[in-house]
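A short worksheet on the structure shown next.
To find a chain, count down the sequence lines: A is the first, B the second, and so on, and within it residues start at 1.
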Amino acid sequence: MSEISKAYEPQSVEDKWYRFWLDRKCFVADPARVSSKRPAYAIVIPPPNVTGVLTMGHVLNNTIQDLLARKARMDGKEVLWLPGTDHAGIATQTVVEKALKKSGEIRHRDDLGREKFLERVWQWKEKHGGIIIQQLKKLGASCDWTRERFTMDPDYSRCVQKVFVELYKKGLIYRGKRMVNWCPATQTALSDEEVIMKEQKGSLYYFKVEVVDSRAHGSSGRESAQTPAVENQSRLTSAATEETEKKTFGPITDAEGRIWLTIATTRPETIPGDTAVAVNPKDPRYAKFIGKHVIRPLPAEFPREQKLIPIIGDERVDFEFGTGVLKVTPAHDKADFEIGQRHKLEQIDIMHPNGHMNALAGAALNGLDRFKARKVAVELLTELGALEKEDPYTNNVGFSERADVPIEPRLSEQWFLKYPCTEKARNCVEQEDDAVGRASSRAGSSVASPHQKMQFHPQRWAKVYDHWMGNIQDWCISRQLWWGHRIPVWTFKVSSDIGVVAMDAIKESVAKIEKANYPGKYSLTTKMQGDIFVVATDDPEIQASSEKLGFIQDPDVLDTWFSSWLWPFATMGWTGDKTEDPNNPTLQAFYPTADLVTGPDIIFFWVARMIMAGYEFMNDLPFRNVYFTGIIRDKQGRKMSKSLGNSPDPLDLIGKYGADALRFGTMRSAPLGQDILFDEQNVELGRNFCNKLWNACRFRQMVGGGDASSPNRASGDEGVATTFEVQGEIDPKLLTSDDKWILLKLDQAIREMDTAFAEYKFSDATATLYRFFWSEYCDWYVEASKAVLVKSVTELNKSNEQGPTEGNATHLTNRSFNELPDRRANALAVIDFVLSHTLRLFHPFLPFITEELWHGMGYSQDMPENQGGKTIMTAPWPKPFDDDFKSHYGLTGDDDKHIEARNELVSQGRNLRRTANIAANKKVKFIFNPAREWAAHDIEVLKLLLNAECVELGAAHQPAKGTLTVRTELGDLYLPTEGLIDLEAEKARLTKEFQKIEADVAKVEQKLANPNFTQKVPANVLEEHKQRLTDLLAKREHVKITLAALQS
RNA sequence: GCGCGGUUAGCUCAGUGGUAGAGCACUACAUUGACACUGUAGGGGUCACAGGUUCGAACCCUGUAUCGCGCACCA
């Protein structure tokens, strides 16, 4: 800081210190250093997509993690913030596929084939994979980069495989043909969590089907047509749409005596896949038809016998909805599938995997995509005369989260996981009710809180979590993709002699390896399923030998989250082997981790699954606290997205304002549990704040050392020269009221910061820092300190001579003058004390500028090497002042109250200046009649703060006409105006003030007149009110007199 | 339908029963030796609405409106 620039310039500073931290290994966690005196603190990063770029969401998330990590280091903990990236199966594969298509290289990934395509994805990963990591470094993230992990690192992959095999062995993983969420765009199955419901405007189509008695005879349904109970209701037509008609649906008998049922559907294109029609058996309109058949209208060209489908009774049918008749399409609807299971219905799959209709859908629909097919189906029904009407209809449709197309329920064979440890996982998270229960039980007995529970912040997410855990469904873990962890299962169809030979060979090979080194490192299980021999293992040797013998690996890969759910321990070198883990110092030291910081949108995807995995594989929860951030929205409240183009590039913001500014601005606008409306102005505010901090330190440097005339010291520290002298001990005897006040404010700020961190309220923390540093330290303390630091000795001397003309302050004045050099040194010592503490309080939020100033101001030189001497990162976090400290420096609440009142007096005095239209830079004379004795120094400060030419002490000053006055608890302040004021404006102002006081007086008087109030209210509140009334009355009197004086 | 959260100054939000707050924006003044990325002063609010509890409600209770989110879904 030899050349102190007027404004803070972050760019060069930030790169310099980040390199410094890396070079000195400041982020590296060493399990060997962990001890009872030096506890471990760990966070694992929510791994961003390896090929992604930094978003504002990442900024929010990672700034919070960095705050926690940096704070923990300053608390003396051994900190591991473990970084890494996620392979992000679908996202990455889609991106690469698109790029290859765009370049014209391929039309489909099949053009390359699996192996070649994967090569290209790896290339892509190598090329783009590091970007987000570099961006995190720009943000200042203090991750232990030596431990950076990727979910497809070889050893990580082995963990995934091992976990799969273990769960498969246990029977928790199984293969089954089920209804799954199929994404026709990416052509893979998805988990329920990857489906998001969206409201869609569409139509509800009503079409009729003819009821027939038996399969044998086509045209005659006559007998049933005569069924007496059938009421021939007046048909709804598209013209008539009365509310009451909803209830009038029922079978119709036409002129020829044929009976028809009307069915409502949103998906007429699936009619060719219908294999039944269902009614509620309790529905009097339809129950009698159960057992009969209807003729399915589509495909039109199919022979009638093929289209006879039964009418079944199923309680699931809601007779309020639609017509009360449900078409059942077991192959294309989840609910219908279940009905189909109950009634053993045929399943007709009428679609290709890409969402186009196949031949079973009929000639007219074959080859069309689903939505086109819907239109054509409606046309066909119209032509057949089967369509009765079409109502506009809005319903919720599941969309593929990634591809943003409607998912297609589809019957397919997939791998599923029955979640482990659900009970433990569900119960470990503290619910809001628990806190009440625990508090009372603790009060009731001496039950030591036994098992530490996991806390969610904000806690309301615990309820969401609990609800999900209570309704948990098996997890579809297989994906029909190429990029990911391939399922570690090999099969061989035993249909020939070769098969038998192979079986023997593999058995032999297995036996050999088992003997050699099992159990331990690897997992293995084999089994026969029908004529299929299945090998599931993470042992590369067995995998290889199986393939040599003609075994074929399952083509699917695992859901990305099936690897991320292991993140908290797989990143710490977990091998999946419990006997080996005690020898893993990282896991020993850092698992379970302390905090997890993530978005509530992945509470099911990731958080819940990590908790279950933690219990299953580590027998302990993976983290103690989960902090859920809000979602970053734009100024208008819209979610930030690429397509809207409303997401600023954080790197641009860093370039423009600095990383510290971005961090501070983001934290300041991100209250716990609330969504954040992002506004660049917040970042601007952060920059301004950094500049303020910079200039406050610059001021400290400019006023030099304790002796105003002493030559500045220049000493080197990392090539940075200090140009002033850090002051040593504070002398309690020389402290002014302002000194004591700012020390008390610092103490308060430290306490507030501790509370804010304990409660994860980072916006509160920034608000505290902002208030303390800007409003209290800069606006008041620094200004007051100029009385000794800036004014020259001669000037002070002069003003003292002509200053207090009479009375009590003279004695103090002389003393003040005599000890001036000491007092100057002492003021500097207070400033250095406050600044060195403040920089530490700021450091988690503003790592770069605080490090720069820590060294530049020379504060690092006062500290031991490992406690701030090297870097502010390890400087001890400030502690609230204890009683000894306070009594040593004589800090009491009185100083606090006095200075608050003095500040109020100054504000009112400045207001008088304003009233008198006196320019801010013009020095004028004030007269002050203090209620109690004032030290000369304090009068000097008052003069400075009022920008007064002088403050005359007038014991019983009789104001002349045109003198403005204010009455405060510290005394009366007068400003002679010599007729400079606008009388009318002043009268108006005072009248308004008078009215306001009147209103307040009335309010308080009313309260105090109420016996209910005076009797029931706590004593201190009563006292407050009485005091308040007294003050108000005095004030009112004063304004009244002043006003009267103006009138004359 | 069920659950959760919000509604306080023009904007974004603090505020757990006792005088309604901050930042930004706005108005006026100021280029004074830290800082115009600044300073000083000022204007601005029926705390969504309606009831209730209380001596006293932005705050607690009940209901309503409205916005947002999550879960479950009726084809």
Open item on the list: Are there runs of at least three consecutive Watson-Crick or G-U pairs touching RNA chain B, with each pair's two distances under 3.5 angstrom? Give them by first number.
Closed with: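 When the pairs of RNA chain B are grouped into runs of at least three, the stems are B:1-7 with B:65-71, B:10-13 with B:21-24, B:26-30 with B:38-42, B:48-52 with B:60-64.
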For [N] versus [M], give the span between their [atom1] atoms, rounded off to a whole number of Å.
N	M	atom1	answer
B/G44	B/U8	C1'	14 Å
B/A14	B/G5	P	14 Å
B/G45	B/A9	P	10 Å
B/G10	B/G3	C1'	35 Å
B/G23	B/U19	C1'	22 Å
B/G17	B/G52	C1'	16 Å
B/U46	B/U7	C1'	15 Å
B/U32	B/G43	P	28 Å

Check the distance between [N]'s [atom2] and [X]'s [atom1] and give it to me in whole angstrom.
X	N	atom1	atom2	result
A/Met702	B/G33	CE	P	10 Å
A/Asn280	B/A75	CG	P	17 Å
A/Tyr465	B/G3	OH	C1'	18 Å
A/Lys922	B/U31	NZ	P	13 Å
A/Lys208	B/A75	NZ	C1'	21 Å
A/Asn947	B/G33	CG	C1'	14 Å
A/Lys1007	B/C55	NZ	P	14 Å
A/Gln431	B/G3	CD	P	16 Å

Acceptor/donor pairs from residues 463-471 of chain A side chains to any protein atom, 3.5 angstrom cut, sequence neighbours excluded:
unit_1: A/Tyr465; atom_1: OH; unit_2: A/Ala425; atom_2: O; d: 2.7
unit_1: A/Asp466; atom_1: OD1; unit_2: A/Arg426; atom_2: NE; d: 2.8
unit_1: A/Asp466; atom_1: OD2; unit_2: A/Arg426; atom_2: NH2; d: 3.3
unit_1: A/Trp468; atom_1: NE1; unit_2: A/Glu193; atom_2: OE2; d: 3.4
unit_1: A/Asn471; atom_1: ND2; unit_2: A/His467; atom_2: O; d: 2.8

Task: Partner residues of A/Glu199 under the side-chain contact (heavy atoms from CB on, under 4.5 Å) criterion, sequence neighbours left out - done: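 With sequence neighbours excluded, A/Glu199 shows a side-chain contact (heavy atoms from CB on, under 4.5 Å) to A/Thr394, A/Asn396, given in chain and number order.
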Open item on the list: Which residues pass the side-chain contact (heavy atoms from CB on, under 4.5 Å) test with A/Ser669, not counting sequence neighbours?
Closed with: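 Scan of A/Ser669 (side-chain contact (heavy atoms from CB on, under 4.5 Å), adjacent residues dropped) gives A/Ile676, A/Asn682.
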Open item on the list: I'd like to compare against my own output: the B/S/- annotation of nucleotides 35-46 of chain B with a strict under-4.0 Å heavy-atom distance to protein.
Closed with: B-BSSSS--S--
TODO: If a protein heavy atom is under 4.0 Å from the base, mark B; if only from the sugar-phosphate, S; if neither, -; do that for nucleotides 7-15 of chain B going 5' to 3'.
DONE: -----SSS-
TODO: Quick one: closest heavy-atom pair of A/Leu1022 and A/Val1017, and the distance?
DONE: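 Result for this residue pair: CB-CG1, 3.6 Å.
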Open item on the list: Using the side-chain heavy atoms of A/Tyr770, tell me which of these nucleotides is nearest: B/A34, B/G23, B/G18.
Closed with: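 Selected nucleotide (nearest to the side chain): B/G23.
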Open item on the list: Which nucleotide wins on minimum distance to the side chain of A/Gln681, given the candidates B/C24, B/G3, B/A34?
Closed with: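 That would be B/C24.
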- [ ] Flag the pair A/Phe337 / A/His332 as yes when their ring centroid distance falls below 6.0 Å, and as no otherwise.
- [x]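 Between A/His332 and A/Phe337, which both carry aromatic rings, the centre distance is not below 6.0 Å.
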- [ ] Verify whether the ring centers belonging to A/Phe842 and A/Phe689 lie closer than 6.0 Å.
- [x]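 Ring-ring flag for A/Phe842/A/Phe689: true, centres closer than 6.0 Å.
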Task: Upstream residue (5' side of RNA chain B) when A/Lys1003 and A/Val317 are each assigned their closest nucleotide - done: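 Taking each residue's closest nucleotide, the earlier one in sequence belongs to A/Lys1003.
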Consider only side-chain N and O atoms of [X] and [Y], and report whether a donor and an acceptor are under 3.5 Å apart.
X	Y	value
A/Glu194	A/Ser191	yes
A/Lys327	A/Thr329	yes
A/Asn911	A/Arg914	no
A/Tyr657	A/Glu680	yes
A/Asp1031	A/Gln1027	yes

Open item on the list: Just to be sure I understand the geometry, which residues of residues 332-340 of chain A put a non-hydrogen atom under 4.0 Å away from RNA chain B?
Closed with: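 By residue number: A/Ala335.
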- [ ] Check RNA chain B against residues 1009-1021 of chain A and give the residues with a non-hydrogen atom under 4.0 Å, in numerical order.
- [x]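 Result for residues 1009-1021 of chain A: A/Asn1010, A/Asn1012, A/Phe1013, A/Lys1016, A/Val1017, A/Pro1018, A/Val1021, sorted by number.
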Could you tell me whether [X] and [Y] make a salt bridge, using a distance below 4.0 angstrom between a side-chain N and a carboxylate O?
X	Y	result
A/Glu969	A/Arg902	no
A/Glu269	A/Arg370	no
A/Glu998	A/Lys1003	no

Task: With A/Asp336 via salt bridge (Lys or Arg N to Asp or Glu O under 4.0 Å) - residues at least two apart - done: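 With neighbours one apart ignored, the set is empty.
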- [ ] Mind telling me whether A/Phe762 and A/Tyr760 have parallel, tilted or perpendicular rings, with 30° and 60° as the class edges?
- [x]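 Because their plane-to-plane angle is over 60°, the rings of A/Tyr760 and A/Phe762 count as perpendicular.
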- [ ] May I ask you to decide if the ring planes of A/Phe845 and A/Phe664 are parallel, tilted or perpendicular, using 30° and 60° as cut-offs?
- [x]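 Rings of A/Phe845 and A/Phe664: perpendicular, over 60°.
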TODO: Verify the contact: side-chain N or O of A/Lys463 to OP1 or OP2 of B/C4, cut-off strictly under 4.0 Å; return yes or no.
DONE: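 So the side-chain polar atoms of A/Lys463 do come within 4.0 Å of the phosphate oxygens OP1 or OP2 of B/C4, strictly under.
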TODO: Would you tell me if any nitrogen or oxygen in the side chain of A/Tyr393 comes within less than 4.0 Å of OP1 or OP2 on B/A75?
DONE: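 A/Tyr393 to B/A75 OP1/OP2: side-chain N or O found under 4.0 Å.
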Task: Residues that A/Lys1035 engages under side-chain hydrogen bond (donor to acceptor under 3.5 Å, both in side chains), provided they are two or more places apart - done: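 For A/Lys1035, no residue satisfies side-chain hydrogen bond (donor to acceptor under 3.5 Å, both in side chains) once neighbours in sequence are set aside.
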Task: For A/Ser785, side-chain hydrogen bond (donor to acceptor under 3.5 Å, both in side chains) partners two or more places apart - done: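 Not a single residue meets the side-chain hydrogen bond (donor to acceptor under 3.5 Å, both in side chains) criterion with A/Ser785.
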Open item on the list: Applying a 4.0 Å non-hydrogen cut-off, can you work out what A/Leu685 is touching in the nucleic acid: base, sugar-phosphate, or nothing?
Closed with: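 Sugar-phosphate contact only.
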Open item on the list: Cation-pi check for A/Phe699 against A/Lys786: NZ or CZ below 6.0 Å from the six-membered ring centre and within 45 degrees of the axis, yes or no?
Closed with: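 Yes, A/Lys786 lies over the aromatic ring of A/Phe699.
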Each nucleotide N or O in nucleotides 69-72 of chain B that has a protein N or O under 3.5 Å away: list the pair and distance.
unit_1: B/A72; atom_1: N6; unit_2: A/Asn396; atom_2: ND2; d: 3.4

